[in-house]
Amino acid sequence: MKITTWNVNSLKARMPYVTAWIEIAKPDVLCLQETKLKTEAFPFAEFANLGYESVHCGQGQWNGVAILSRVGLENDFHNFDEQSGIPMMETPVDSAGSADSADTTSNSTSQSAAQGTLQNAAEPEARLIWATCGGVRVASAYVPNGRELNHPHYHYKLRWLSCLRAHLDLRESPEAPVVVTGDFNIAPADNDVWDIEAFADNTHVSVPEREKLREVCEWGLNDVFRDRYGHTDGLYTYWDYRAGRFNRREGMRIDYILASAPLSKNLNWIVLDRNARKTWGEDKPSDHAPLTASFEI
DNA sequence: ATGGTAGGTGGCCTA
């Protein structure tokens, strides 16, 4: 089974690129992040024409996660676990533009999550979706960016990761085949960025968020790309559009496929398609490349 | 220390 994760940075803008890529790579399961579409605006029919069932959790404008599968797809849920009540995606005590540093401990009420917001701040953001595909439990996750270390959004990021771990504890079993894929917005180790010095006092490399990621993995998930490629430097999944980062080989490895033992011990191969960060004719790339793992099932 | 680009939306936000 071939499983791909890909932050597409707007599916509306990326649809020609994504469909062209699917027809070449033909993954069995494709996890997308940052669709930036409302749930119902997802192009279900176009993907069905390519042979994929799909589920999508979106909000429009920002975030949005989806799972496509050509090996069956069922039983999804998203955002939070209705049974446990764990708030997977409580919106941060945030305010774009307001200069305060709100206390992160209080669960703030809903004034201005993002100004001019269409979204009730009490509503969870569209950052997590699950499905069962061909007997494998699959998650597509879009972890909050964090913005800055002293920003409320950073504390939201940490809480979100705690919720993900709690969610796994309650709803999934590490003895079963489980993959948690997505854009984690964390570089797990120093060689997952091109120059650790450039990230001093920055998000994505800080100790607390790496610790939260470790706690998620300690549930029973393996970073199969790093398992396979060890300490090789210069392997990234994301390159900022700005400053010519891609051409300068200045990227970050922040997208992964985390697999439980029944899958990770049966990894065939894992490929980072750096070529899909390039412009293809008329089609412009996302700032992330797709990562695909093949498991013997 | 800043800015660079790309995507959203609609009088700037997010990444």
Practice item. Check whether more than 12 heavy atoms from other residues, nucleotides or ligands sit under 6.0 Å from atom CG of Asn49(A), and answer yes or no. Key: yes
Check your understanding: CD of Glu282(A): more than 12 outside heavy atoms within 6.0 angstrom?
Key -> no
If the [atom1] atom of [N] is compared with that of [M], how far apart are they to the nearest Å?
| N | M | atom1 | answer |
| --- | --- | --- | --- |
| dC13(B) | dT9(B) | C1' | 8 Å |
| dA1(B) | dG11(B) | C1' | 28 Å |
| dT14(B) | dG4(B) | C1' | 15 Å |

Interatomic distance, [X] [atom1] vs [N] [atom2] [rounded to whole Å]:
| X | N | atom1 | atom2 | answer |
| --- | --- | --- | --- | --- |
| Met15(A) | dG7(B) | CE | P | 16 Å |
| Glu148(A) | dA15(B) | CD | C1' | 13 Å |
| Lys36(A) | dT14(B) | NZ | P | 11 Å |
| Gln33(A) | dT14(B) | CD | P | 20 Å |

**Study point:** Polar side chain donor-acceptor pair, Tyr238(A) to Asp183(A), under 3.5 angstrom
**Key:** no
**Study point:** Check: Thr237(A)/Tyr256(A) side-chain N/O donor and acceptor closer than 3.5 Å
**Key:** no
**Study point:** From dA15(B), dG8(B), dG7(B), nucleotide with atom closest to Arg14(A) side chain
**Key:** dG7(B)
Check your understanding: Centroid-to-centroid, Trp219(A) to His167(A), below 6.0 Å?
Key -> no
Check your understanding: Side chain of Ser54(A), backbone of Leu68(A): donor and acceptor closer than 3.5 Å?
Key -> no
Polar-atom pairs under 3.5 Å, protein N or O versus N or O of nucleotides 3-5 of chain B: list them with distances, or write none.
{"unit_1": "dG4(B)", "atom_1": "O6", "unit_2": "Arg242(A)", "atom_2": "NH1", "d": "3.0"}

**Study point:** 5' priority, DNA chain B, between Gly60(A) and Asn185(A) [closest heavy atom]
**Key:** Gly60(A)
